[in-house]
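See below for the structure under consideration.
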Amino acid sequence: MIGNVSRLHTINRSSLVCSLKFKSSFHNLTTTTPPSPPPLEEDDAAGLCNLILKLDLQTLSQNLETNSVCWTPDLVNKILKRLWNHGPKALEFFRLLERHPIYTHSTTSFDHAIDIAARLRDYKTVWTLVARMRKRRLGPNPKTFAIITERFVSAGKPDKAVRVFLSMHEHGCQQDLNSFNTFLDVLCKSKRAEMAYNLFKVLKRRFKADTISYNIIANGFCLIKRTPRALEVLREMVESGLEPTLKTYNIILNGYFKAGQIKEAWQFFLEMKRRKCVMDVVTYTTMVHGFGVSGEIQKARQVFDEMLETGILPSVATYTAFIQVLCKKDTVENAIVVFEEMLKKGYTPNSTTYSVLIRGLCHVGKMDKAMEYLDRMKQDECEPNVQIFNVIIRYYCDEGEIEKSLEVFERMGSGECLPNLDTYNILISAMFVRKRSDDLMVAGKLLIEMVDRGFVPRKFTFNRILNGLLLTGNQDFAQEILRAQSKCGRLPRHFRL
DNA sequence: TTAGGGTTAG
């Protein structure tokens with residue numbers, strides 16, 4: 001186990017040096033110049049990310065100013081996206097590049113940086129960036145405000161989000177029906193349909209609410225399983241002279257399934273048919289998924305076949321939905337049959353498709369097969385996302401294969417895909433299963449690393465590790481943990497280190 | 001990034 005502790009030290013660090021593709025200008029960073037460095041492709045965001053992760057602030061600063069990388073908004077955005085789960089580094093990179101002699105940031109890069117800062121709950125930086133955007137006449141735009149309000153809502157500050165939305169114009173960005181609808185959607189997606197509806201009532205005349213506004217609210221009520229409320233809103237819509245669209249019907253259909261009203265969903269579907277309502281791929285995908293989730297695989301299959309007969313082409317989402325329900329309520333073998341069938345028909349599965357299949361395989365303990373599909377993704381040039389890695393790590397942990405889960409974690413750290421809050425939580429919890437003191441050290445290191453990356457662990461996590469360290473007489477490391485805890489403001493106010 | 005379908009777990 002000691003091996004693991006020391007291995008963790010090297011995550012994201014030593015192995016990167018070898019795998020990095022250096023460009024001439026980066027050579028002076030290293031004490032020993034690699035013999036014949038392969039050229040760095042202009043587009044090698046992954047290589048640059050590894051470099052950015054590895055370097056300290058000063059070295060990075062010198063390099064961003066003097067290197068000969070041809071910065072483009074596209075490259076910068078790719079890097080910011082890759083550094084998503086290392087917010088402090090991402091912002092450091094963004095700020096340093098702001099001082100670049102020639103390159104200037106684009107609107108979308110500003111939006112990304114604002115999103116990252118807001119996710120770190122660093123609102124001071126958020127508003128500084130907004131002001132800077134405005135000064136450079138790059139915005140802020142409606143999307144900027146969609147980002148900021150969404151972050152406030154998900155941080156549990158919907159009232160603040162409302163105030164921000166209402167004050168958009170003070171930052172030089174006018175509100176219109178689009179931004180109003182976007183904001184209603186932000187509230188609804190975070191299950192605050194009632195709040196959205198109240199705001200809607202006050203502002204619907206001012207913004208001339210349309211079908212989209214009503215659909216958003218109805219969908220919001222469906223998301224919290226309140227189909228009757230959704231229907232009321234739609235009645236109101238019709239009374240105000242607006243016609244429901246196919247999207248409206250699809251929202252209700254999905255709402256019935258979400259609320260477990262399978263019979264109602266089926267009746268609604270039949271009613272749509274009776275009224276000769278033109279259905280689309282979304283209608284059918286909703287039906288396949290809805291029936292499947294409720295365990296009615298035969299019905300799901302029947303609807304799927306009917307869809308083909310009607311001449312409506314399934315989408316990747318339809319196949320994904322079907323594969324998922326087969327994994328959950330049928331057998332993973334049958335899911336694989338559909339997966340192969342999909343390939344044969346020329347569809348390209350995306351990361352969601354792989355995700356449901358890999359999850360299904362993990363669930364029945366076929367970890368090796370799951371790992372095969374993970375590799376297959378790469379061959380298909382479909383980058384595995386953090387959720388997929390988390391699934392694999394979680395199931396390895398559940399099976400007691402801690403070493404294997406750490407191996408996967410290491411693979412992530414070496415540039416493939418940075419771990420997120422869930423990854424750290426899953427692994428840290430797993431470190432308490434075997435009750436080994438080495439595992440405790442790993443947990444501590446993971447905790448420190450996650451704090452460095454801008455994540456805020458729960459108090460419970462800190463206490464658990466601190467108690468363990470104090471019990472095993474590891475005072476020094478406990479101090480280090482306490483410093484990390486104070487860094488992210490999780491220490492009691494009068495606590496002194 | 002103006003609305004609807006497919007990743008999460010008991």
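Labels below follow one simple rule: chain letters A, B, ... track the order of the sequence lines, proteins then strands, and each chain is numbered from 1.
Every residue two or more places apart in sequence or in another chain that forms a salt bridge (charged side-chain N to carboxylate O under 4.0 Å, His left out) with A:Arg376 is listed here: A:Glu340. Here A:Arg464 pairs with nothing under the salt bridge (charged side-chain N to carboxylate O under 4.0 Å, His left out) rule; sequence neighbours left out. In this view, A:Arg274 and A:Glu271 satisfy the salt bridge (charged side-chain N to carboxylate O under 4.0 Å, His left out) rule, not counting sequence neighbours. For A:Glu399, there are no salt bridge (charged side-chain N to carboxylate O under 4.0 Å, His left out) partners two or more places apart in sequence or in a different chain.
For residues 208-242 of chain A, the set of pairs meeting the ring pair (Phe, Tyr, Trp, His ring centres under 6.0 Å) definition, not counting sequence neighbours, comprises A:Phe200-A:Tyr214. Residue pairs meeting the side chain to side chain donor-acceptor pair (under 3.5 Å) criterion with at least one member in residues 309-320 of chain A, sequence neighbours excluded: A:Thr285-A:Thr318, A:Ser315-A:Thr318, A:Thr320-A:Thr353.
DNA chain B is contacted by A:Asn385 of residues 372-387 of chain A, taking any non-hydrogen atom closer than 4.0 Å. Using a 4.0 Å cut-off on heavy atoms, the residues of residues 153-182 of chain A that approach DNA chain B are A:Asn178, A:Asn181, A:Thr182, listed by number. Contacts between residues 285-305 of chain A and DNA chain B, defined by a heavy-atom separation below 4.0 Å, involve A:Thr285, A:Thr286, A:His289, listed by number. For DNA chain B, none of the residues of residues 222-234 of chain A falls under the heavy-atom distance limit of 4.0 Å. Contacts between residues 332-341 of chain A and DNA chain B, counted as heavy-atom distances below 4.0 Å, involve no residue at all.
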Return all side-chain donor-acceptor pairs below 3.5 angstrom for residues 328-335 of chain A, not counting sequence neighbours, or 'none' if the list is empty.
unit_1, atom_1, unit_2, atom_2, d
A:Asp330, OD2, A:Asn334, ND2, 2.5
A:Thr331, OG1, A:Asn334, N, 3.1
A:Thr331, OG1, A:Asn334, ND2, 3.3
A:Glu333, OE2, A:Lys366, NZ, 2.8

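In terms of polar N and O atoms assigned as donor or acceptor, the side chain of A:Asp280 never comes within less than 3.5 Å of the base of B:dG5 in a complementary pairing.
Summarising the geometry, the separation between OH on A:Tyr354 and C1' on B:dT7 is reported as 15 Å, rounded to the nearest angstrom.
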